[in-house]
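Structure record follows, encoded as structure tokens.
This structure is a prediction, so every number in the text was calculated from the model and none was measured.
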There are 2 protein chains.
Amino acid sequence: MQLNRLVEFHKTMGDPTRLRILSLLSNGPLHGQAIAGKLGLTAPTITHHLKKLRDINVVFERRDKNTIYFNLNHLVVKQHSEALKQLMEGKEISMVDQSDEKQKIIANFFTKDGKLKTIPAQRKKKLMVFEHLIKGIEKGKKYEEKEINEYILQFHDDYATIRREFIINHYMYRENGIYELNPVEMWAKIEG
Amino acid sequence: MQLNRLVEFHKTMGDPTRLRILSLLSNGPLHGQAIAGKLGLTAPTITHHLKKLRDINVVFERRDKNTIYFNLNHLVVKQHSEALKQLMEGKEISMVDQSDEKQKIIANFFTKDGKLKTIPAQRKKKLMVFEHLIKGIEKGKKYEEKEINEYILQFHDDYATIRREFIINHYMYRENGIYELNPVEMWAKIEG
DNA sequence: TATCTAATTAGATTAACATCAAATCAAAGA
DNA sequence: TCTTTGATTTGATGTTAATCTAATTAGATA
């Protein structure tokens with residue numbers, strides 16, 4: 001987890017209007033005007049806040065005709081909450097003041113706001129990146145394919161490819177459309 | 001959990017300097033000048049940030065001679081992380097838009113930033129307040145007395161009284177100085 | 001094509017806030 | 001009492017950000 005991302009996350013959550021928007025979305029998708037109405041604010045204000053919420057990937061949108069429905073992405077919230085708790089337990093902020101070789105390689109493939117620039121071509125590096133991505137997935141929890149897609153989307157548009165790679169390299173397994181994290185021993189080995 | 005408190009918490013966490021201070025404190029207490037030195041900032045700046053961190057009870061201080069050592073309070077961080085996750089799961093923001101009778105009584109005993117104004121004299125109300133306070137304690141986890149004190153301190157100065165009440169009314173039990181939450185069935189009953 | 005609807009952008013206003021230098025405060029020790 | 005040391009307060013400065021109104025864009029439908 002990068003310090004920057006964590007700061008942006010909390011800065012975004014530190015506003016009553018945005019928390020209320022998320023609270024509304026927790027009951028299901030809504031379109032902009034509905035949100036504006038329920039909160040007694042104007043449409044531009046809602047657009048403003050939704051942009052910030054999108055920036056940290058905690059909401060995403062689906063279009064239907066002229067109307068855009070905004071959806072909540074629970075996973076991203078959980079991931080950041082976890083990161084903060086770990087920071088409090090003395091865990092290092094990686095890829096910022098970390099000089100470790102492996103961390104440096106990984107950092108090269110991400111933008112400063114945490115997006116994956118490209119999927120590495122080299123197998124070894126690719127696996128390092130996947131191991132990093134998988135960190136937000138909880139052990140022992142069952143995920144719908146849709147949830148996995150939304151989770152990956154915060155890092156990269158091509159969620160289908162990456163989701164497939166998670167399976168191929170045994171980071172996760174799938175059963176009847178339900179995904180779950182594999183134990184570490186099963187993951188593809190990074191040689192060298 | 002009140003919306004205001006959650007907003008203040010996240011606003012406070014949404015600053016790189018403050019996250020770095022907390023990261024430093026996770027390795028043990030430090031005094032102001034030490035923090036300033038490590039972060040390359042001036043003393044007034046550190047004072048400024050520590051005040052904000054104290055406001056949300058995520059740090060507390062102990063004096064030794066002329067020097068003030070700042071300590072991290074893990075529990076409060078965990079509590080707020082949990083509250084946010086629950087908000088995302090559709091749980092209501094209590095005591096804000098909640099009209100429920102019981103919630104109203106409780107709300108009367110707290111300031112808008114979550115401090116307990118007084119310990120209720122009436123037994124029934126007192127128990128309601130205790131049930132509210134205990135919400136940040138994790139089931140099945142063992143706590144040192146010191147941790148319990150620090151946890152209570154975020155609500156009220158007289159942590160000794162309240163800690164004792166927790167035991168008397170069977171919200172928690174103590175064994176060899178280690179505290180743990182009791183199952184709900186054991187708690188004192190609120191009649192009426 | 002003209003029109004309706006939902007969302008966004010632009011620009012303005014106002015409030016909050018991070019940081020620093022200089023001044024002040026408070027406890028300890030000489 | 002005087003000095004030292006660590007922490008805080010004050011005031012200034014520059015920046016970020018929440019919200020609104022008015023104007024604009026972009027799809028959909030008639």
Side-chain angles (χ1 to χ4, degrees), chain A residues 3-25 28-72 112-113, chain B residues 3-25 28-72 112-113:
Chain A
L3 183 61
N4 260 349
R5 275 191 91 196
L6 202 50
V7 169
E8 282 315 310
F9 172 78
H10 283 107
K11 208 180 284 186
T12 303
M13 292 314 214
D15 178 274
T17 303
R18 286 192 286 266
L19 283 191
R20 285 163 75 210
I21 290 175
L22 294 179
S23 176
L24 285 177
L25 293 185
L30 285 175
H31 61 278
Q33 312 235 309
I35 299 173
K38 279 177 197 282
L39 297 185
L41 294 168
T42 64
T45 303
I46 301 304
T47 297
H48 168 75
H49 289 299
L50 284 173
K51 191 191 310 197
K52 301 214 161 209
L53 291 169
R54 250 183 327 215
D55 281 349
I56 60 166
N57 304 292
V58 81
V59 305
F60 60 96
E61 51 191 69
R62 272 198 240 289
R63 246 202 133 88
D64 177 43
K65 310 252 160 113
N66 235 329
T67 309
I68 297 175
Y69 288 91
F70 295 93
N71 298 253
L72 176 60
K112 70 193 162 321
D113 47 293
Chain B
L3 183 61
N4 261 350
R5 275 190 92 197
L6 201 51
V7 169
E8 282 315 311
F9 172 78
H10 283 106
K11 209 183 282 188
T12 303
M13 293 313 212
D15 177 275
T17 302
R18 287 193 284 267
L19 283 190
R20 284 161 77 208
I21 290 175
L22 293 179
S23 177
L24 285 177
L25 293 184
L30 283 176
H31 60 278
Q33 313 233 305
I35 299 173
K38 280 177 196 282
L39 296 185
L41 294 168
T42 65
T45 303
I46 301 304
T47 297
H48 167 73
H49 289 299
L50 284 174
K51 192 191 311 200
K52 301 212 160 211
L53 290 170
R54 250 182 329 214
D55 282 349
I56 60 164
N57 304 292
V58 81
V59 304
F60 61 96
E61 51 191 69
R62 271 198 241 289
R63 247 201 135 87
D64 177 43
K65 311 257 163 106
N66 235 329
T67 308
I68 297 175
Y69 289 91
F70 295 93
N71 299 252
L72 177 60
K112 69 193 164 320
D113 46 295

Quick one: does [X]'s side chain have a donor or acceptor within less than 3.5 Å of a partner on [Y]'s backbone?
X	Y	result
B/N71	B/Y69	yes
B/T12	B/E8	yes
B/T47	B/A43	yes

Handout entry: Atom of B/H31, atom of B/T67 and distance for their closest heavy-atom approach
Key =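 Between these two residues, the closest heavy atoms are CB-CG2, 3.3 Å.
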Practice task
Taking only heavy atoms on the protein side, list every residue of residues 42-54 of chain A lying under 4.0 Å from any atom of DNA chain C, sorted numerically.
Solution key: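 Listed by number, they are A/A43, A/P44, A/T47, A/K51, A/R54.
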Problem - DNA chain D: 5'-proximal contact among A/G40 and A/N66 (nearest heavy atom) - result: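 This one resolves to A/G40.
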Quick check on [N]: is either OP1 or OP2 less than 4.0 Å from any side-chain nitrogen or oxygen of [X]?
X	N	value
A/K65	D/dT29	yes
B/T17	C/dT19	yes
B/R18	C/dA18	yes

Handout entry: Reported CZ-to-CG distance for the pair A/F70 and A/L25, which is rounded to 0.5 angstrom
Key =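 Going from CZ on A/F70 over to CG on A/L25, the span is 9.0 Å.
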Handout entry: A/Q33 CD - C/dC4 P separation (whole Å)
Key =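 Atom-to-atom, A/Q33 to C/dC4, this comes out as 16 Å.
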Problem - Distance, rounded to the nearest Å, where A/D64 contributes CG and C/dA6 contributes P - result: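 For the pair A/D64 CG and C/dA6 P, the rounded distance is 12 Å.
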Exercise for the section: Look at the aromatic rings of B/H10 and A/H10 and report parallel, tilted or perpendicular, splitting at 30° and 60°. Expected result: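 Aromatic pair B/H10/A/H10 classed parallel.
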